[in-house]
Novice: 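One structure, as structure tokens, below. Some questions next.
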Amino acid sequence: MLYPLNVDLSGRSLILVGGGRVAERKACSILSAGTEASICVIAPKVTSVLQEHAAAGRLCWKQTCYADGMLEGAFLAYAATNLREVNAAVASEAKRRGIPVNVIDDPAASTFQVPASIRRGELMLSVSTAGGSPALSRAIRMELEEMYPPAFGVWLERVSSLRVELQESVSSSSARTRFWHTALRPDILTMVRHGAMEKAEVELRNAALDFGAQSSDCTD
């Protein structure tokens with residue numbers, strides 16, 4: 001069973017072997033995360049999208065076939081070619097060097113999996129089947145996209161700001177805990193989901209005032 005882990009890729013070297021559509025999706029997913037990772041694609045040919053990213057300096061393209069030794073210095077490796085023997089060779093080198101590797105369509109040969117995910121600003125929701133059914137992961141991800149529209153990214157920013165304010169206005173830690181249990185109730189999240197952001201924030205701030213008054217009358 002896999003253990004979920006979010007990793008900061010800033011300043012890390014990522015090597016992606018393969019230049020087809022799967023490699024393109026993986027590269028674009030990394031780029032969309034807004035990290036400062038160094039991405040190197042190794043393949044004699046790549047898609048037009050990968051060529052554009054390379055031309056813009058967003059990734060490095062080594063226009064050659066993979067050979068043993070090319071993973072040196074990598075933090076993560078991806079084997080995304082349509083040749084099983086090449087993918088197996090990449091996995092073998094990665095494991096020999098102690099580098100986590102993801103092999104397309106072969107969970108058993110992989111040491112990590114990339115879950116299907118959606119991003120709403122700093123909010124990230126992900127779902128994984130440990131490689132058992134990528135189609136199911138995508139289906140659930142599509143449901144999450146409808147349940148949590150982009151407004152939740154904005155909402156998270158506002159909630160984070162209010163959380164800082166609450167550290168001062170609500171002095172009791174137990175009161176703050178009770179506040180969050182109440183404040184993020186379903187009706188407020190429904191307001192956010194439907195775009196009624198200002199109304200939701202008013203409800204949240206009213207709840208903060210009530211709990212602030214309560215906490216001033218007692219201490220932990």
Side-chain angles (χ1 to χ4, degrees), residues 1-12 14 21-22 24-37 39 49 53 58 76 78 102 112-215:
M1 185 174 292
L2 298 177
Y3 179 78
L5 179 69
N6 292 335
V7 180
D8 183 1
L9 297 178
S10 300
R12 302 294 191 175
L14 312 182
R21 296 298 180 189
V22 175
E24 176 188 306
R25 288 199 299 271
K26 291 186 179 294
C28 289
S29 176
I30 297 169
L31 291 171
S32 68
T35 67
E36 297 298 326
I39 305 173
V49 171
H53 285 312
R58 288 187 286 270
L76 294 178
Y78 300 81
N102 175 253
F112 77 94
Q113 296 290 332
V114 180
S117 63
I118 64 170
R119 291 181 179 275
R120 302 299 187 230
E122 292 298 318
L123 174 65
M124 182 173 69
L125 305 173
S126 62
V127 56
S128 171
T129 58
S133 178
L136 178 59
S137 293
R138 287 193 294 270
I140 296 175
R141 183 200 66 199
M142 292 174 67
E143 290 185 2
L144 290 173
E145 288 178 341
E146 295 184 3
M147 294 174 61
Y148 297 93
F152 275 88
V154 179
W155 181 242
L156 176 58
E157 293 181 7
R158 298 192 180 189
V159 169
S160 296
S161 296
L162 182 58
R163 181 173 180 273
V164 175
E165 295 178 26
L166 280 175
Q167 300 295 327
E168 299 178 359
S169 62
V170 182
S171 58
S172 166
S173 61
S174 60
R176 288 196 295 270
T177 299
R178 293 196 304 273
F179 163 74
W180 287 115
H181 285 166
T182 302
L184 296 180
R185 58 186 188 264
D187 63 309
I188 290 182
L189 296 183
T190 296
M191 293 176 193
V192 176
R193 188 169 287 114
H194 293 162
M197 198 77 66
E198 300 303 326
K199 185 177 180 180
E201 185 167 355
V202 168
E203 290 290 330
L204 197 61
R205 289 189 176 279
N206 286 340
L209 290 174
D210 292 340
F211 275 86
Q214 293 174 24
S215 66

Novice: Using a strict threshold of under 4.0 Å (side-chain N to carboxylate O), is an ion pair present between Glu203 and Lys199?
Specialist: no

Novice: If only atom types and distance count, is the side chain of Arg120 paired as donor or acceptor with the main-chain N or O of Tyr148 below 3.5 Å?
Specialist: yes

Novice: Restricting to salt bridge (charged side-chain N to carboxylate O under 4.0 Å, His left out), what partner residues turn up for Arg12, sequence neighbours left out?
Specialist: none

Novice: Tell me whether Met142 at atom CE has more than 12 heavy atoms from other residues, nucleotides or ligands lying less than 6.0 Å away.
Specialist: no

Novice: Considering only heavy atoms from C-beta outward, does the side chain of Arg25 approach that of Ser29 to under 4.5 Å?
Specialist: no

Novice: Can the ring centres of Tyr78 and Phe112 be said to be less than 6.0 Å apart?
Specialist: yes

Novice: How about Ile39 and Leu31: do any of their side-chain heavy atoms sit closer than 4.5 Å?
Specialist: yes

Novice: Heavy atoms, side chains only, cut-off 4.5 Å: are Ile140 and Thr129 in contact?
Specialist: no

Novice: Check salt bridge (charged side-chain N to carboxylate O under 4.0 Å, His left out) between Asp8 and all other residues, then give those that pass, not counting sequence neighbours.
Specialist: none

Novice: Side chains of Met147 and Leu125: closer than 4.5 Å at any heavy-atom pair?
Specialist: no

Novice: I want to check something: taking the side chain as every heavy atom from C-beta on, are Arg141 and Glu145 in contact at a cut-off of under 4.5 Å?
Specialist: yes

Novice: When rounded to the nearest 0.5 angstrom, what distance separates CG in Leu9 from CG in Leu14?
Specialist: 5.5 Å

Novice: What pairs with Glu157 under salt bridge (charged side-chain N to carboxylate O under 4.0 Å, His left out), at least two apart in sequence or on another chain?
Specialist: none

Novice: Suppose the criterion is ring-ring contact (aromatic ring centres under 6.0 Å, His included): which pairs have a residue in residues 114-145, not counting sequence neighbours?
Specialist: none

Novice: Give a yes or no on whether Arg21 atom CZ has more than 12 heavy-atom contacts from other residues, nucleotides or ligands under 6.0 Å away.
Specialist: no

Novice: My understanding is that only residues two or more places apart in sequence, or in another chain, count here; which of them pass side-chain contact (heavy atoms from CB on, under 4.5 Å) with Met124?
Specialist: Asn6, Ser117, Arg119

Novice: Check side-chain contact (heavy atoms from CB on, under 4.5 Å) between Ala200 and all other residues, then give those that pass, not counting sequence neighbours.
Specialist: Trp155, Ile188, Met191, Val192

